[in-house]
There are 2 protein chains.
Amino acid sequence: MAWDRDQIVRIALDQLDEVGLETLSLRKLAGRLEVHPSALYYHFSNKQDLLDEMARALVQTAVTQTPKPSEFTTDGLLTHLARTQRAAIRSRRDGGLLMIKARPTADDQLEYLDWLIERLVAEGFSVTEAATAFTAVSNYAIGATVAEQQRTTDAPADPQLLQQHPGLRSIAEVTADADATFERGLRWLLDGIRAKP
Amino acid sequence: MAWDRDQIVRIALDQLDEVGLETLSLRKLAGRLEVHPSALYYHFSNKQDLLDEMARALVQTAVTQTPKPSEFTTDGLLTHLARTQRAAIRSRRDGGLLMIKARPTADDQLEYLDWLIERLVAEGFSVTEAATAFTAVSNYAIGATVAEQQRTTDAPADPQLLQQHPGLRSIAEVTADADATFERGLRWLLDGIRAKP
DNA sequence: ACCTGAACACCGTTCAAGT
DNA sequence: ACCTGAACACCGTTCAAGT
């Protein structure tokens with residue numbers, strides 16, 4: 001059996017789902033491939049290179065799988081962007097940490113990015129506004145989804161703390177519905193963007 | 001010389017600034033303290049415990065140092081929240097990664113949180129709205145600042161890619177002014193929150 | 001209370017060599 | 001082209017023991 005990059009990335013993503021990013025190691029991955037650890041350095045220049053490829057795979061499948069906006073309005077486009085980022089992160093355990101630690105530059109993501117900014121400009125944005133809006137929405141989506149994902153990974157909040165801090169309790173109650181919280185914040189941001197100035 | 005937790009945390013934060021989170025190790029920290037690695041386990045139950053304490057220190061000094069809002073309006077309160085999160089992250093190398101990997105529960109941060117939600121309710125928010133707004137602003141601030149910080153850590157984008165992708169180029173140009181990008185996205189979000197519904 | 005010393009079970013990475 | 005095998009310089013953590 002001779003492995004190639006894509007196969008190794010797929011199996012590395014399986015390992016990620018099972019053990020998490022912290023415990024993901026080249027040595028264990030090599031063990032699963034029934035190959036010596038050093039063999040991985042034929043396919044990847046180092047661990048970071050593998051992580052970059054894994055993140056690229058997440059984004060790529062999220063871009064293709066998230067339903068395209070039915071209308072190319074500002075709202076439709078930016079909502080699609082946000083949901084795509086969220087889907088990419090949620091598709092794997094520790095997907096958020098992976099996306100943060102990996103360098104960007106997924107090739108088809110760049111096409112998507114160019115296309116989206118171009119369409120925003122067609123909707124009446126200046127290039128600067130379009131790029132700023134893209135950045136804001138993307139950062140919101142990633143921030144919200146990473147927090148949401150960490151919440152499932154971390155231990156639940158101490159009940160006694162919840163008792164003592166009504167603010168914390170109300171946040172815990174609200175964020176229990178991750179979808180609604182994400183969408184509401186997104187809508188607020190989009191409302192502001194639509195109003196500009 | 002006998003160390004205590006606070007001293008060790010301070011020196012660990014210095015080490016973080018010098019070597020980054022990836023290369024921060026208990027062994028090197030022990031070396032700097034002129035102590036055997038195992039000695040750290042007298043003060044901290046494990047590495048995560050130390051990281052939690054480091055994150056707590058970041059947030060604590062950011063909360064005390066960020067100028068309090070002059071007016072307790074919705075805008076003033078939430079802007080203060082966002083800038084505090086950003087200041088905490090930016091205060092140290094890889095501060096964003098640290099805050100994401102650390103469990104929350106800084107004690108005075110909880111007081112601040114309760115106070116802020118209470119004040120938002122006094123401004124006419126329902127508890128659910130206040131908690132959702134808090135979450136949205138906090139997630140935006142963290143997402144934006146982590147991205148901003150990674151940008152300084154990672155290698156700059158390949159000039160050839162910038163040439164080929166006008167969308168990417170416009171984003172690079174916009175995010176070069178990190179302050180302006182952060183503040184503009186924040187204002188959009190706050191505009192949407194103020195408009196509710 | 002605070003630390004030493006030794007040990008255990010791991011890591012990522014390099015490099016020469018094999019087929 | 002794809003991998004082995006050995007080695008290097010590291011990790012976090014445990015535990016008995018010292019002072």
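All heavy atoms count here, side chains included; hydrogens, waters and symmetry mates do not. Every chain is numbered from 1 and lettered A, B, ... according to where its sequence line falls, protein lines coming before strand lines.
- Distance CD (Gln7(A)) to P (dC2(D)): 11 Å, rounded to an integer number of Å.
- Residue-level contact check: Ala39(B) touches the bases, meaning some heavy atom is under 4.0 Å from a base atom.
- Distances shown here put a side-chain N or O of Lys28(B) below 4.0 Å from the OP1 or OP2 atom of dC11(D).
- Summarising the base pairing, dT13(D) is matched to dA7(C) through a Watson-Crick or G-U wobble pair whose two defining distances lie under 3.5 Å.
- Between the side chain of Ser25(B) and the base of dG12(D) there is no donor-acceptor pair of N/O atoms closer than 3.5 Å.
- Remark: Gln7(B) CD is packed, more than 12 non-hydrogen atoms of other residues, nucleotides or ligands lying under 6.0 Å away.
- Closest of all the heavy-atom pairs between Ala88(B) and Met99(B) is CB-SD, 4.0 Å.
- Residues Ser138(A) and Gln85(A) have side chains that bring a donor and an acceptor to within less than 3.5 angstrom of each other.
- dA9(D) and dA9(C): their P atoms are spaced 23 Å apart (whole Å).
- Taking atom CG of Leu26(B) as the reference point, atom C1' of dT14(D) lies 13 Å away to the nearest angstrom.
- Using a 4.0 Å cut-off, some side-chain N or O of Tyr41(B) falls inside it from OP1 or OP2 of dT13(D).
- Residue His36(B) places at least one side-chain N or O under 4.0 Å from the OP1 or OP2 atom of dG5(C).
- The interatomic distance linking Phe44(A) (CZ) with dC2(D) (C1') rounds to 14 Å, in whole Å.
- Atom NZ in Lys47(A) sits roughly 8 Å away from atom C1' in dC11(C) (whole-Å rounding).
- Contact check, His43(B) against dC3(C): a side-chain N or O comes under 4.0 Å of OP1 or OP2.
- Nearest to the side chain of Ser38(A), among dA1(C), dT14(C), dG12(D), sits dT14(C).
- The nearest whole Å value for the distance from the CG atom in Leu33(B) to the C1' atom in dC2(C) is 13 Å.
- Judged by distance alone, the side chains of His80(A) and Tyr112(A) do bring a donor and an acceptor atom under 3.5 Å apart.
- A distance-only check finds a donor-acceptor pair linking the side chain of Gln149(A) to the backbone of Gly96(A) [under 3.5 Å].
- Rounded to an integer number of Å, the gap from CD of Glu22(A) to P of dC11(D) is 15 Å.
- Taking only side-chain atoms of Asn46(B), from C-beta outward, the nucleotide of dC11(D), dT13(D), dG12(C) with the closest atom is dT13(D).
- The side chain of Pro37(B) sits closest to dT13(D) out of dT13(D), dC3(C), dC15(C).
- Rounded to an integer number of Å, the gap from Arg27(A) CZ to dC10(D) P is 15 Å.
- The distance between atom CZ of Arg5(B) and atom P of dC3(C), rounded to the nearest whole Å, is 14 Å.
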